[in-house]
Amino acid sequence: MIPYGRQDISEEDIQAVIQVLQSEYLTQGPTVPAFEKVVANYCGVQYGVAANSATSALHIACLALGVCKGDLVWTSPISFVASSNCALYCGARVDFVDIDPLTYNMSVKSLTTKLELAKVAGNLPKVVIPVHLSGQSCDMKAIAQLGKKYGFKIIEDASHAIGGRYLDKPIGNCQYSDITIFSFHPVKIITTGEGGMAMTNDLFLANKMMRFRSHGITRVPEEMTCQPHGQWYYQQLDLGFNYRMTDIQAALGLCQMKRIDDFVRKRHEIAKKYDELLADCWLTLPFQHPDSYSAYHLYIIRLKTNETKFTHREIFDRLRNNGILVNLHYIPIYAHPYYEVLGYNRSDFPESESYYSEAISIPMYATLTESEQQFVVDSIKKPLGYQNLF
Ligand SMILES: *Cc1c(COP(=O)(O)O)cnc(C)c1O
């Protein structure tokens, strides 16, 4: 079996986790803040707030920006449901912006048109969540300009994108957003088992997120409504959650950060090889925007359906039957039953629809071997049993 993505755990990673297990603190010890600091420094951003998943981090990011009932949040339909669910958790309504046909990221053209219409109709979004699909940054400069013009806040869902760069700066530096979210799920660039982190340059937002991840509780006297009653004292200021990352997870993340640039470099080598081996095939290969250095979480191929007699489904099944666990990132969020009843119109998202009918994510991870890669390519080009057809 060849999965589409998987972790790379070294002996040093294992030792780092064991060290925490033998230490005083399994959670709320020194390792989570150390991990936050290392990720923040790597990205060139002021603050990192670790959480037990990117989903939790997205939720507390929305809460910190004041998303609540009656608000509107916009995101990309070609994403994992968490990019959108985070707004629903806050009682907000969600709408989607169609994707760009080249990058498959939120289209700035569609966003602009939708904003113009929303302004007239009086239903502008409070927050927009662009998603850096496969690790390639959205056109953040343009989105930030629109944010200023129309008064919305920005959360970058960079779950795929730690280690990637945009305009020669690390993704996560929040130059064009209020908050950026990373995921450390095992299929992502680095892992903590489960985990995520919210990056920001805004101390107020960082403090809010830290409270929301831990029941809404503060132990900082300056944040309290009165003088502390004593050393035991803390106050609950908001309705928060238990979204904390453990020191065990942070130790793994901290150790993985040492190899992040190697991981991404390796992913680029694999991508380059796929680019070469699949160049003559009836496929659209990943477009790389010159402003971006992708973290290459995913390698997404698209079928040129007019150039092959095989259907999308047939190619997908053939790869799966060969033990290659390809995937489709993603089913448009509005097409899930839970969302369907909220009343979206598929015809509003023609690029997402066409993407969904053609895209396949083929295996991409740092430890993918050359022979495995060759097998993937052969399986695409020369299907097993193909000869029997003639
Ligand atoms: C993986 C992912 C998430 C959720 O990450 P978790 O850490 O599993 O909660 C959110 N958004 C996108 C785009 C993702 O790929």
Side-chain angles (χ1 to χ4, degrees), residues 3-7 32 35-36 39 48-63 73-90 94 96-97 99-100 103-106 127-138 140 154-164 171-172 177 179-199 209 212-213 241-246 249-250 252-253 256 267 286 294-300 327-334 336 339 352 355-356 359 361 364-365:
Y4 81 86
R6 61 159 299 159
Q7 69 278 12
V32 168
F35 179 42
E36 289 171 337
V39 176
V49 179
N52 58 4
S53 71
T55 306
S56 312
L58 281 163
H59 185 191
I60 58 177
C62 285
L63 290 170
V73 172
W74 290 1
T75 188
S76 169
I78 300 300
S79 185
F80 187 54
V81 290
S83 309
S84 162
N85 286 347
C86 59
L88 299 187
Y89 298 153
C90 303
V94 170
F96 300 99
V97 181
I99 59 167
D100 179 276
T103 62
Y104 318 143
N105 280 331
M106 179 182 282
V127 173
V128 172
I129 308 181
V131 181
H132 303 324
L133 191 78
S134 77
Q136 170 163 250
S137 178
C138 296
M140 289 312 301
I154 300 170
I155 301 171
E156 295 172 66
D157 184 345
S159 290
H160 300 180
I162 192 170
I171 291 175
S177 64
I179 300 169
T180 301
I181 306 296
F182 294 133
S183 170
F184 308 126
H185 183 279
V187 294
K188 306 287 166 72
I189 309 295
I190 64 161
T191 190
T192 60
E194 293 277 4
M197 201 180 287
M199 319 311 295
M209 291 191 287
F212 278 120
R213 83 169 161 192
F241 303 85
N242 181 349
Y243 281 170
R244 293 187 304 266
M245 177 181 275
T246 66
Q249 294 165 304
L252 179 54
Q256 290 251 302
R267 285 170 178 274
S294 177
Y296 257 122
H297 165 53
L298 302 172
Y299 191 93
I300 299 169
N327 234 312
L328 206 176
H329 300 95
Y330 291 92
I331 303 156
I333 298 176
Y334 55 74
H336 287 284
Y339 279 88
S352 302
Y355 172 89
Y356 180 55
S361 306
M364 167 56 93
Y365 48 91

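Note that the structure is predicted; figures quoted are calculated from it, not measured. Numbering of ligands and ligand atoms starts at 1, following listing order.
- Annotation: side-chain contact (heavy atoms from CB on, under 4.5 Å) contacts of N105 (sequence neighbours excluded): T103, L133, Q136, C138.
- The salt bridge (charged side-chain N to carboxylate O under 4.0 Å, His left out) test applied to R213 returns E36, not counting sequence neighbours.
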Please set out all donor-acceptor pairs under 3.5 angstrom arising from side-chain atoms of residues 75-82, sequence neighbours excluded.
unit_1 : atom_1 : unit_2 : atom_2 : d
T75    : OG1    : I129   : O      : 2.7
S76    : OG     : I78    : N      : 3.2
S79    : OG     : S83    : OG     : 2.5

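- Between Y296 and Y299, the angle of the ring planes stays under 30°, which puts this pair in the parallel group of the 30/60° scheme.
- The shortest side-chain heavy-atom distance between F184 and Q249 does not fall under the 4.5 Å cut-off.
- Protein residues with any heavy atom under 4.0 Å from ligand 1: S53, A54, T55, S79, F80, A82, S83, V131, D157, S159, H160, S183, K188, G195, Y330.
- When only modelled atom types and interatomic distance are considered, Y334 and S352 share no side-chain donor-acceptor pair under 3.5 Å.
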